[in-house]
Amino acid sequence: MNFALLITVIVTALTLVVAAYVIAKLIGPRSYAKVKGEPYESGIPTRGSSWLPVSVGFYLFAILFLMFDIETVFLYPWAVVVKEFGTMALLSIGFFLIVLVLGLAYAWRKGDLEWK
């Protein structure tokens, strides 16, 4: 395997990220006025702290959504190559979907999909 190419890509990526950050810091506008803390577009001043506690249910629901959404994305490459691999592809995606359905059933039975 040619690791020189991999190292070149990583070094280039890091260099570009650092360069973009440095350039933004050097030529970016600096404003530390009180108006920066005002609400954008709505015009309604905030009352109290913006850091309000959020129910952990929202985070759990979001994580479950992302998990099932990403797993669904894995179905697209499978659909492209299913004819090439035949029965093996069908069995592997069947196993994948069974695990997915079991995970959904577990989350549903545990009550994680209910808004409380």
Side-chain angles (χ1 to χ4, degrees):
M1 217 175 224
N2 189 1
F3 288 108
L5 180 62
L6 178 64
I7 291 172
T8 304
V9 169
I10 291 173
V11 168
T12 303
L14 289 174
T15 304
L16 288 175
V17 168
V18 169
Y21 182 75
V22 169
I23 291 170
K25 281 293 185 184
L26 290 175
I27 66 173
R30 291 178 188 89
S31 174
Y32 301 105
K34 185 178 178 182
V35 74
K36 287 188 73 132
E38 294 296 316
Y40 180 72
E41 287 188 357
S42 69
I44 301 170
T46 57
R47 283 178 273 195
S49 173
S50 300
W51 298 97
L52 300 175
V54 179
S55 172
V56 75
F58 291 109
Y59 295 111
L60 188 57
F61 197 82
I63 288 171
L64 285 171
F65 173 77
L66 286 175
M67 181 179 70
F68 289 111
D69 193 42
I70 290 171
E71 288 176 350
T72 304
V73 168
F74 287 130
L75 292 176
Y76 290 109
W78 171 80
V80 171
V81 297
V82 69
K83 283 189 178 181
E84 294 175 23
F85 293 110
T87 307
M88 189 60 188
L90 190 59
L91 291 175
S92 65
I93 203 64
F95 178 73
F96 177 75
L97 290 174
I98 287 171
V99 170
L100 185 66
V101 168
L102 287 175
L104 179 62
Y106 174 76
W108 196 336
R109 179 146 173 92
K110 196 173 174 189
D112 290 338
L113 300 178
E114 298 175 9
W115 291 105
K116 295 178 184 176

Acceptor/donor pairs from residues 4-29 side chains to any protein atom, 3.5 angstrom cut, sequence neighbours excluded:
from: T8; atom 1: OG1; to: A4; atom 2: O; distance (Å): 2.6
from: T12; atom 1: OG1; to: T8; atom 2: O; distance (Å): 2.7
from: T15; atom 1: OG1; to: V11; atom 2: O; distance (Å): 2.7

Ignoring hydrogens and angles, write down the donor-acceptor pairs under 3.5 Å from the side chains of residues 61-78, residues two or more places apart or on other chains.
from: T72; atom 1: OG1; to: F68; atom 2: O; distance (Å): 2.6
from: W78; atom 1: NE1; to: A89; atom 2: O; distance (Å): 3.0

> F95: which other cluster members, linking ILVMFWY side chains closer than 4.5 Å, directly or transitively?
Replying inline: V99
>> Tell me every residue that passes ring-ring contact (aromatic ring centres under 6.0 Å, His included) with Y106, counting only those two or more places apart in sequence or in another chain.
In response: none
>> F58: which residues meet the side chain to side chain contact (heavy atoms under 4.5 Å, CB included) condition with it, sequence neighbours left out?
In response: V54, S55, W115
> What residues join F85 in its hydrophobic cluster, counting side-chain heavy atom gaps under 4.5 Å, either direct or through other members?
Replying inline: V80, V81
>> Are L91 and F96 connected into the same hydrophobic cluster when the rule is that any two of I, L, V, M, F, W, Y join if their side-chain heavy atoms are below 4.5 Å apart?
In response: no
> Other than L102, which residues form its hydrophobic cluster under the rule that side-chain heavy atoms must be closer than 4.5 Å?
Replying inline: I98
